[in-house]
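All heavy atoms count here, side chains included; hydrogens, waters and symmetry mates do not. Each chain gets a letter, A, B and so on, in the order its sequence line appears, and its residues count up from 1.
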Amino acid sequence: MASLPSVAVNGNLQLDQEFRKHPTSFLPSERSTNVSYQKSHTVINLNGSSEPKSLDFREALSMIREGENVESTYYAPVLQECIDKNSASEAKIVHAHIIKTGTHQDLFVSTFLVNVYAKCGNMEIARKVFDNLPKRNVISWTSLMTGYVHSSQPEVAIHVFQEMLEAGAYPTNYTLGIVLNACSSLQSVNLGKQLHAYSIKYQIDFDTSIGNSLCSLYSKCGSLESAVKAFKKIEEKNVISWTATITACGDNGEAVRGLKFFTEMLSEGIEPNEYTLTSVLSLCCLMLSLDVGTQVHSLSIKLGYELNLPIRNSIMYLYLKCGLINEARELFNGMGAISLVTWNAMIAGHAQIMDLAEDDLSAYQSGTEALNIFLKLNRSGLKPDLFTFSSILTICSGLVALHQGEQIHAQTIKSGFLSDRVVGTALVNMYNKCGSIEKASKAFVEMSTRTLISWTTMIAGFAQHGKTQQALQLFEDMRIAGVRPNQITFVSVLSACSQAGMVNEALGFFEMMKKDYRIKPVLDHFACLIDMYVRLGRLEEAFALVKKMDPAPNEFIWSILVAGCRSHGNLELGFYAAEKLLELKPKDTETYVFLLNMYLSAGRWKDVSKVRKIMKEEKLGKLRDWSWISIKDKVFSFKPNDKSHPYSADTHKFVESLIDQVKSLGYESLESLEVTDEDEEQTLSYTAYHSERLAIAFGLLNTPNAAPIRVVKSLIMCRDCHNFVKFLSTLTGREIVIRDSKRLHKFVNGTCSCGDFGGRL
DNA sequence: CTAGGGTTAG
């Protein structure tokens with residue numbers, strides 16, 4: 001790629017001097033003369049009924065193929081066809097003929113050729129043809145720029161714009177629109193604003209194509225208000241203007257507002273096109289509104305877009321997001337032609353389902369299904385792209401499927417997509433979630449550029465692995481690198497401090513967040529601080545903070561207190577917190593089980609039945625204790641006391657012998673009453689066969705001696721199992737990683753990365 | 001010129 005003067009990207013083009021040479025070109029009176037090349041050509045050659053010899057494309061192509069001499073105007077429909085078919089190879093045949101007949105000296109034809117190659121995405125040839133043009137005009141310059149913008153080389157487009165100004169050509173409104181689009185891709189507000197200023201100065205900011213481009217520029221730079229302003233300024237709003245505005249709302253998370261624009265558009269009598277409809281459907285995805293989505297779907301059928309692929313993709317994705325897996329699959333299977341986007345939507349949709357899944361069984365099923373889809377995609381002949389890789393790596397994170405994740409890592413290297421920052425971040429996250437902090441940080445260091453999310457992901461990774469110092473050091477590095485932390489970054493930083501019991505540091509960061517970065521604390525920040533006090537047994541301070549916090553505590557905050565009070569034996573405060581928890585009537589089954597266990601250990605049977613009653617009334621789902629381990633390409637799952645498993649007998653025996661062995665190291669099994677499933681009222685289950693023990697035992701039996709063990713568990717680990725695994729890691733010398741429903745535990749040599757969470761177990 | 005698919009915490 002051509003190297004650019006940095007001034008261009010920084011938005012320091014000397015526009016004023018250049019434009020002053022041709023000030024009148026922007027006067028409104030001249031607007032009507034800015035007819036684009038496309039249009040004038042179309043009028044003459046394609047739709048031109050005035051043209052007696054309206055040429056049939058086939059006829060012209062066969063003449064050209066046979067090497068007959070044709071008039072220069074004969075080329076236009078053929079070249080147009082190449083654009084429509086997006087076929088650079090066909091264009092090359094025509095191009096050869098043009099050269100042979102010497103028609104390349106014809107300005108009209110050769111300029112058209114630039115346009116054809118640019119539209120077909122072959123920028124190397126487009127540039128060569130452009131360089132050999134007998135004469136350059138604003139049309140050829142603009143065609144070239146359009147090509148660069150479309151082939152993801154916005155910097156080059158701006159560079160060409162600069163060349164054009166230097167050459168003394170002056171831009172039309174259409175040219176400015178293209179440059180503005182290049183600014184959008186680069187997120188270069190500065191240059192965009194300069195162009196905006198000039199369009200105001202020359203009073204063409206109400207031009208439709210400039211307004212449309214301004215609208216999407218401001219939207220992509222995160223300023224929805226400016227985008228809407230630009231839209232409102234447009235004198236003659238067309239479908240594109242409306243669509244750009246609706247998209248802007250969606251991109252900035254304001255789905256409802258986008259829908260309002262859509263209804264307004266309809267009431268103005270403007271008919272949406274396929275672009276509008278897909279954009280509205282993505283609003284529905286944001287709102288998870290199947291209702292509106294279905295209506296838009298019928299509208300699109302009514303308007304004749306039933307078979308439109310983007311629309312079908314959007315609807316399929318909407319189904320997945322709303323959890324209608326079967327409907328989505330039906331649509332997927334019934335689609336004749338599908339694109340990579342279809343595959344990607346399918347995989348990304350499963351990642352969503354995994355994320356939102358109520359129970360881990362369905363999460364796990366979506367995950368494995370997504371892996372299958374990915375395999376099918378690889379066999380289909382299509383090549384996965386950066387979207388595919390980011391989604392599938394996220395799937396691996398959720399499944400703790402390190403083996404698959406590593407294979408995909410290799411694939412991202414081979415295909416070159418690892419250089420994408422989102423893919424790189426997803427990879428770091430995958431290694432984090434699989435418990436391999438070393439590989440995560442290696443992947444992070446190897447990234448050539450990082451986003452805010454990359455930094456945050458890595459900080460969170462260190463925090464989850466109990467590497468507080470590294471987390472805080474990285475936070476410093478991030479600030480030194482000039483990256484501004486966000487709300488989530490601070491959640492990770494605070495949780496790192498909380499784990500290490502670093503009260504002063506945590507409070508310092510909390511102040512820094514509010515004062516230096518003007519980030520309003522949210523519940524998660526308070527949760528970290530309260531968790532910290534609870535770990536240290538400083539329950540009074542935890543309660544004091546809960547009382548004065550803003551926003552007011554939710555059930556999650558109270559559940560931290562309940563758990564803390566229970567393990568620190570402060571039942572008085574515990575019951576107070578429990579009552580608050582009950583008042584809020586959370587639907588979270590796990591929270592209730594916590595509560596249940598607290599009453600159980602206090603022997604307060606009346607309260608036990610009270611809680612059980614509420615659980616029934618609230619129709620809370622039962623908790624399934626369930627673990628899985630993935631060994632090579634296979635996944636093995638275990639239920640507690642699971643006897644159904646083919647290897648069950650061996651595994652159970654092995655668990656028994658492991659318990660005996662760790663007893664000699666000092667392990668004492670807690671005879672506590674740990675309820676995991678409200679249905680099994682009388683069987684206060686014996687912890688010996690909690691699912692993770694079976695999964696670990698199975699892993700120990702079926703992997704090489706020193707190999708790490710990685711297990712996923714659907715519930716929070718109980719205290720006894722946590723203690724047991726600590727001893728087990730010493731006994732076996734293995735690294736044991738368990739991801740439970742709340743956090744990551746990495747057991748090495750008798751200690752756990754979660755720091756035992758100071759009593760929250 | 002406008003559309004569909006991606007990454008972070010608790």
With respect to the side chain of [X], which nucleotide from [options] is positioned closest?
X: A:D524; options: B:dT8, B:dA9, B:dG5; result: B:dA9
X: A:N429; options: B:dC1, B:dG5, B:dA9; result: B:dA9
X: A:S282; options: B:dG4, B:dG10, B:dT7; result: B:dG4
X: A:D385; options: B:dG5, B:dA9, B:dT8; result: B:dG5
X: A:Q464; options: B:dA9, B:dG5, B:dT7; result: B:dA9

- request: Please find out if less than 6.0 Å separates the ring center of A:F332 from that of A:W343.
  value: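 Yes, ring centres under 6.0 Å apart.
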
Residue set satisfying ring pair (Phe, Tyr, Trp, His ring centres under 6.0 Å) with A:F510, at least two apart, ordered chain then number -> A:F526

task: Over 60° means perpendicular and under 30° means parallel, so classify the ring planes of A:W455 and A:F444, tilted if in between.
output: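 Judged by the thresholds at 30° and 60°, the geometry between A:F444 and A:W455 is perpendicular.
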
[X] side chain N/O closer than 4.0 Å to the phosphate oxygens (OP1, OP2) of [N]?
X: A:H525; N: B:dA9; result: no
X: A:K433; N: B:dA9; result: yes
X: A:Q487; N: B:dG10; result: no

- [ ] Report yes if the ring of A:F387 lies under 5.5 Å from the six-membered base ring of B:dG5 with planes under 30°, and no otherwise.
- [x]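 A:F387 vs B:dG5: stacking yes.
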
**Message:** Test of understanding: with side-chain hydrogen bond (donor to acceptor under 3.5 Å, both in side chains), list the residues that count as partners of A:S241, not counting sequence neighbours.
**Reply:**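 Partners of A:S241 by the side-chain hydrogen bond (donor to acceptor under 3.5 Å, both in side chains) criterion, ordered by chain and then number, come out as A:N212, A:N238.
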
